[in-house]
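We use all heavy atoms of the structure for the numbers below, so side chains are in, but hydrogens, waters and symmetry mates are not. Residues: numbered from 1 along the sequence shown.
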Amino acid sequence: MSNSSFITHFLLLPFADTRELQLLTFWLFLGIYLAALLGNGLIITAIACDHRLHIPMYFFLLNLSLVDLGSISTTLPKAMANSLWDTRAISYQGCAAQVFFFFFFMSAEYFLLTIMAYDRYVAICQPLHYGTLLGSRACVHMAAALWGSVFPYAVLHTANTFSLPLCHGNALDQFFCEIPQILKLSCSDAYLRELGPIVVSASLAFGCFVFIVLSYVQILRAVLRIPSQQGRHKAFSTCLPHLVVVSLFISTVMFSHLKPPSISSPSMNLLVTFLYSVVPPAVNPLIYSMRNQELKDALWKLNQWTLFHQQ
């Protein structure tokens with residue numbers, strides 16, 4: 001029987017077994033990572049530099065891009081390094097850091113998407129009170145509360161997880177360190193110590209989910225009451241990117257953790273986790289910029305400014 005005090009490293013699940021596929025995986029991950037860095041970096045720069053985008057919706061979008069950068073930078077670089085150097089190992093400290101930062105950024109993203117749903121609700125259902133309910137000070141306070149509350153939340157879960165004695169080796173069925181995978185290695189009843197925080201997390205997640213659903217029910221009712229078709233289209237188009245991002249995030253996370261055991265396998269777990277941990281940070285900038293003319297204009301101006309200063 002081994003204990004966590006004797007474990008110096010963990011073994012991550014590889015994406016490929018042959019050297020050729022490992023190198024192909026590395027280049028694929030590198031392309032996705034660079035696309036995520038470029039897309040989110042452009043959105044952050046465009047929002048920060050264009051005064052017309054200094055409104056609540058884009059302030060929260062800037063925070064979402066920061067979260068996406070942090071989230072994908074927590075998991076993908078190590079997976080790329082392991083594929084390139086043909087290894088599975090990650091140090092005990094590195095695994096703990098991955099668990100902390102991944103939980104931190106994923107929690108921040110979910111709570112931020114909830115705040116963004118509230119922003120869309122107020123903008124469409126209570127437009128006359130928008131400036132009062134979502135003034136610059138209120139937005140800063142909400143963002144500060146978000147970042148400040150998620151930090152101790154992630155510390156609690158990480159410390160609680162790594163305080164458990166581990167009796168089932170050090171091989172994880174995932175390409176990065178994640179709390180459910182660490183719990184699988186814990187001794188028979190030791191994981192029950194993490195049960196309380198998990199129940200609290202599940203309750204918070206369910207509360208946020210209900211809030212988002214109710215917000216969009218009210219938004220849909222308000223949009224359908226708009227007399228002109230052009231007005232309905234404009235109102236709905238401001239919500240569509242957020243709705244797509246929320247649906248992608250929640251559906252992949254729920255399927256990953258609630259799928260029936262009959263279809264569960266290491267390769268399936270790997271694919272589904274890749275979908276919710278890597279794909280959203282890479283495609284969110286594309287989703288938000290496709291139907292947003294203000295953001296497109298800001299990105300175009302940024303591109304023109306960059307080209308002008310290069311000449």
- Which pairs count as ring-ring contact (aromatic ring centres under 6.0 Å, His included) when at least one residue sits in residues 123-150, sequence neighbours excluded? Phe104-Trp147

- Query: Taking C-beta and beyond as the side chain, do Thr8 and Tyr92 meet within less than 4.5 Å on heavy atoms?
  - Reply: no

- Do you know which two heavy atoms are closest between Ile32 and Ala282, and how far apart they sit? CG2-CB, 4.0 Å

- Message: Checking Ser73 against Tyr33: is there a side-chain donor and acceptor pair closer than 3.5 Å?
- Response: yes

- Message: Determine whether a donor-acceptor pair (N or O, by modelled atom type, separation under 3.5 Å) exists between the side chain of Asn40 and the backbone of Pro281.
- Response: yes

- Message: Quick check: is Val200 connected to Val99 through a chain of hydrophobic side chains (ILVMFWY, heavy atoms under 4.5 Å apart)?
- Response: yes

- Query: Going by heavy atoms in the side chains, are Arg120 and Thr238 under 4.5 Å from each other?
  - Reply: yes

- Relative to each other, are the rings of Phe103 and His157 parallel, tilted or perpendicular (30° and 60° limits)? tilted

- May I ask whether Leu23 and Trp85 are part of the same hydrophobic cluster, defined by side-chain heavy atoms of I, L, V, M, F, W, Y residues being less than 4.5 angstrom apart, directly or through others? yes

- Task: Spell out, as yes or no, whether a donor-acceptor pair under 3.5 Å connects the side chain of Asn63 to the backbone of Phe59.
- Result: yes

- Can you spot which of Thr45, Ile44, Leu38 makes a side-chain contact (heavy atoms from CB on, under 4.5 Å) with Leu42? Leu38

- Answer whether the closest heavy-atom distance between the side chains of His54 and His51 falls below 4.5 Å. yes

- Task: For the residue pair Phe10 and Phe162, categorise the inter-ring angle as parallel (less than 30°), tilted (30 to 60°) or perpendicular (more than 60°).
- Result: perpendicular

- Could you walk me through whether Leu64 and Tyr288 pass the side chain to side chain contact (heavy atoms under 4.5 Å, CB included) check? CA-CA 11 Å; Leu64 182 64; Tyr288 269 99; 3.8 Å; yes

- Indicate yes or no for a side-chain donor-acceptor contact from Gln98 to the backbone of Thr74 under 3.5 Å, with no hydrogens or angles considered. yes

- Query: Between atom CG of Asn284 and atom CD1 of Ile43, what is the distance when rounded to the nearest 0.5 Å?
  - Reply: 8.0 Å

- Item | Residues in side chain to side chain donor-acceptor pair (under 3.5 Å) contact with Asp50, at least two apart in sequence or another chain | Arg52

- Message: Hydrogens and angles aside, do Tyr153 and Ser201 bring a side-chain donor and acceptor to less than 3.5 Å of each other?
- Response: yes

- Locate the shortest heavy-atom distance separating Ala16 from Leu21; write the atom from each residue and the value. CB-CB, 3.3 Å

- Message: Within the structure provided, determine whether Ile212 and Val246 are in side-chain contact (heavy-atom separation under 4.5 Å).
- Response: yes

- Task: Please identify each residue that fulfils side chain to side chain donor-acceptor pair (under 3.5 Å) with Tyr216, with sequence neighbours left out.
- Result: His242

- Query: Met106, Leu271: one ILVMFWY side-chain cluster at the under-4.5 Å cut-off?
  - Reply: no

- Message: With a 4.5 Å cut-off on side-chain heavy atoms, are Phe175 and Val278 touching?
- Response: yes

- Quick one: do Tyr276 and Ser251 satisfy side-chain hydrogen bond (donor to acceptor under 3.5 Å, both in side chains)? Show the steps, please. CA-CA 9 Å; Tyr276 86 78; Ser251 61; over 6 Å; no

- Query: Is there a chain of hydrophobic side chains (I, L, V, M, F, W, Y, each step under 4.5 Å between heavy atoms) that links Ile179 to Leu11?
  - Reply: no

- Drop me the distance from Ile90's CD1 to Lys78's NZ, to the nearest 0.5 angstrom. 5.5 Å

- Task: Let me see the working for Val140 and Ser136 under side chain to side chain contact (heavy atoms under 4.5 Å, CB included), right down to the final yes or no.
- Result: CA-CA 6 Å; Val140 170; Ser136 57; 5.5 Å; no

- Item | Side chain Arg232, main chain Ile226, donor-acceptor under 3.5 Å | yes

- pair Leu275-Pro280: side-chain heavy atoms closer than 4.5 Å: no

- For the residue pair Leu243 and Ser247, what are the closest heavy atoms and their distance? O-OG, 2.7 Å

- Task: Give the minimum heavy-atom separation between Gly169 and Ile7, together with the two atoms involved.
- Result: O-CD1, 3.7 Å

- Query: Does the side chain of Met80 come within less than 4.5 Å of Asn82's, by heavy atoms?
  - Reply: no

- Task: Tell me, please, which residues at least two apart from Arg19 pass side chain to side chain donor-acceptor pair (under 3.5 Å).
- Result: Gln22

- When rounded to the nearest 0.5 angstrom, what distance separates CD in Glu178 from NZ in Lys184? 9.0 Å

- Task: May I ask you to decide if Val67's main-chain N or O and Ser71's side chain share a donor-acceptor pair within less than 3.5 Å?
- Result: no

- Taking side chain as C-beta onward, heavy atoms only, is Phe15 less than 4.5 Å from Phe26? no

- Message: Please report the interatomic distance OG1(Thr75) to CG(Leu12), rounded to the nearest 0.5 Å.
- Response: 11.0 Å

- Shortest non-hydrogen pair, Tyr110 vs Ala205, comes out as OH-O, 2.7 Å

- Item | Side-chain (Thr158) to main-chain (Val155) donor-acceptor, under 3.5 angstrom | no

- Once you round to the nearest 0.5 Å, how far does CG of Leu53 lie from CD1 of Ile47? 6.0 Å

- Query: Checking Thr273 side chain against Leu270 main chain: does a donor-acceptor pair fall under 3.5 Å?
  - Reply: no

- Note on the structure: Interatomic distance, SG@Cys177 vs CD1@Ile182, rounded to 0.5 Å, equals 5.0 Å

- Task: Report the residues that fulfil side chain to side chain donor-acceptor pair (under 3.5 Å) with Tyr121, sequence neighbours left out, ordered by chain and then residue number.
- Result: Gln126

- Determine, using the 4.5 Å side-chain heavy-atom cutoff (strictly less than), whether Leu220 and Tyr118 are members of one ILVMFWY cluster. no

- Query: Which residue pairs satisfy the disulfide (SG to SG under 2.5 Å) criterion with at least one member in residues 201-252, sequence neighbours excluded?
  - Reply: none

- Task: Could you go through the side chain to side chain contact (heavy atoms under 4.5 Å, CB included) check for Leu13 and Leu172 one step at a time?
- Result: CA-CA 6 Å; Leu13 190 65; Leu172 303 175; over 6 Å; no

- Item | Greater than 12 external heavy atoms within 6.0 Å of Phe211's CZ | yes

- Message: Is it the case that over 12 heavy atoms from other parts of the model lie below 6.0 angstrom from the CZ atom of Phe255?
- Response: yes

- Correct closest heavy-atom pair for Arg88 and Ala171 would be NH2-CB, 4.3 Å

